[in-house]
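The structure appears below as structure tokens.
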Amino acid sequence: MLRALLLLALTATPVLAWEFSPRDVCELRHKEAAADVLITYDPGAREYAIAVTLNRPWLPGSVFSIRFDGPRGMKISTERHRISEGGKTLTVKDRGFGNVLNGIEFNGTATALLGEQAVTVTLDGAGPAVRAFRACADGVGV
């Protein structure tokens, strides 16, 4: 009986992990109830992107920010975001993502902010996946 309860407890809780995938485009992915986060690096275009997808549409806003809370907390902002997929996915592209990757690797939570909307995801355990993503983007391990 105890084993059955332990198995049920382990299978009932969602796995909140950051995952790295080396493909033609390097991918760093995280899914949880609040949001799905996908970070990519396209070596052909030499461009990084972050896409934050919600289960509801993003509210309009002129400035998108990510606040990283933890030992190396910081906040970064841009006006160069796009909303697609019926308003549920917000994407930002840029040639450099050092601050974003540092924020994910060295902090505890990230909060995506647009207008009055705030969505927080956990960064627990992201370090190894971020390091693999960096190596992929640098051309090591592809």
Side-chain angles (χ1 to χ4, degrees), residues 3-142:
R3 286 184 189 172
L5 288 174
L6 180 60
L7 180 61
L8 179 61
L10 291 175
T11 57
T13 51
V15 176
L16 303 176
W18 284 84
E19 299 175 347
F20 163 73
S21 298
R23 298 192 171 123
D24 293 338
V25 172
C26 306
E27 292 185 359
L28 180 62
R29 183 180 301 268
H30 178 71
K31 294 184 177 195
E32 62 181 72
D36 293 347
V37 179
L38 174 63
I39 299 171
T40 58
Y41 176 71
D42 181 347
R46 295 183 179 174
E47 186 172 64
Y48 292 87
I50 183 170
V52 182
T53 302
L54 307 179
N55 58 10
R56 64 190 182 285
W58 281 95
L59 300 174
S62 59
V63 177
F64 172 69
S65 301
I66 302 176
R67 185 185 69 234
F68 297 100
D69 294 306
R72 295 194 194 175
M74 69 176 136
K75 183 177 178 182
I76 54 178
S77 302
T78 184
E79 295 177 354
R80 298 183 302 154
H81 62 280
R82 301 214 185 278
I83 298 176
S84 60
E85 294 188 28
K88 294 182 179 182
T89 299
L90 182 146
T91 304
V92 177
K93 295 181 179 184
D94 202 344
R95 297 252 182 217
F97 252 46
N99 285 339
V100 173
L101 296 174
N102 287 341
I104 293 169
E105 185 173 3
F106 300 116
N107 290 291
T109 61
T111 302
L113 304 154
L114 183 64
E116 298 297 316
Q117 196 168 15
V119 179
T120 301
V121 296
T122 184
L123 304 175
D124 293 342
V130 171
R131 289 187 292 277
F133 179 86
R134 287 181 199 266
C136 179
D138 290 340
V140 179
V142 174

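Of the inter-residue distances, the one linking Ile66 atom CD1 with Thr109 atom OG1 reads 12.0 Å to the nearest 0.5 angstrom. For the atom pair OG1 of Thr120 and CD of Glu32, the computed distance is 9.0 Å after rounding to the nearest 0.5 Å. Note that CZ of Arg131 is 5.0 Å distant from CD of Glu105, once rounded to the nearest 0.5 Å. In this structure, Leu28 CG and Tyr48 OH are separated by 11.5 Å, a value rounded to the nearest 0.5 Å. The structure places CZ of Arg80 at 4.5 Å from CG of Asp94, a figure rounded to the nearest 0.5 Å. Here the CZ atom belonging to Arg29 is positioned 11.0 Å from the CD1 atom belonging to Ile39, to the nearest 0.5 angstrom.
In terms of heavy atoms, Ala51 sits closest to Thr89 at CB-CG2, 3.9 Å. In plain terms, the two heavy atoms of Asn55 and Ala33 that are nearest each other are ND2-O, 4.3 Å. Taking each heavy atom of Ala35 and Val121 in turn, the nearest pair found is CB-CG1, 4.1 Å. Counting all heavy atoms, side chain and backbone alike, Ala118 lies closest to Leu113 at CB-CD2, 3.5 Å.
Of the residues listed (Leu54, Val119, Leu114), the one engaging Leu90 in a side-chain contact (heavy atoms from CB on, under 4.5 Å) is Leu114, and it is the only one.
The shortest side-chain heavy-atom distance between Phe133 and Glu27 does not fall under the 4.5 Å cut-off. Proximity of Cys26 to Thr40: side-chain heavy atoms (C-beta onward) are nowhere separated by under 4.5 Å. Inter-residue side-chain proximity for Ile104 and Trp18 is flagged as met; some heavy-atom pair is nearer than 4.5 Å.
Looking at Asp36, its side chain never comes within 3.5 Å of a backbone N or O of Lys31 through a donor-acceptor pair. At distances below 3.5 Å, not a single donor-acceptor pair connects side-chain atoms of Arg46 with backbone N or O atoms of Arg95. Panel note: side chain His30, backbone Ala17; a donor-acceptor pair is recorded below 3.5 Å.
Under the 3.5 Å distance criterion, with hydrogens and angles disregarded, a donor-acceptor pair is assigned to the side chains of Arg134 and Asn102.
In this pair, Phe64 and His81 present their aromatic rings tilted. The plane angle is within the 30 to 60° band.
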* Should Asp69 and Thr111 be marked as a side-chain contact (heavy atoms from CB on, under 4.5 Å) after you check the CA-CA gap, both sets of side-chain angles, and the distance that decides it? -> CA-CA 8 Å; Asp69 294 306; Thr111 302; 4.2 Å; yes
* Yes or no on side-chain contact (heavy atoms from CB on, under 4.5 Å) for Val37 and Ile50, after CA distance, side-chain angles and deciding distance? -> CA-CA 7 Å; Val37 179; Ile50 183 170; 4.1 Å; yes
* To do: Go through the steps to decide whether Phe68 and Asn99 satisfy the test side-chain contact (heavy atoms from CB on, under 4.5 Å), and finish with yes or no.
  => CA-CA 10 Å; Phe68 297 100; Asn99 285 339; over 6 Å; no
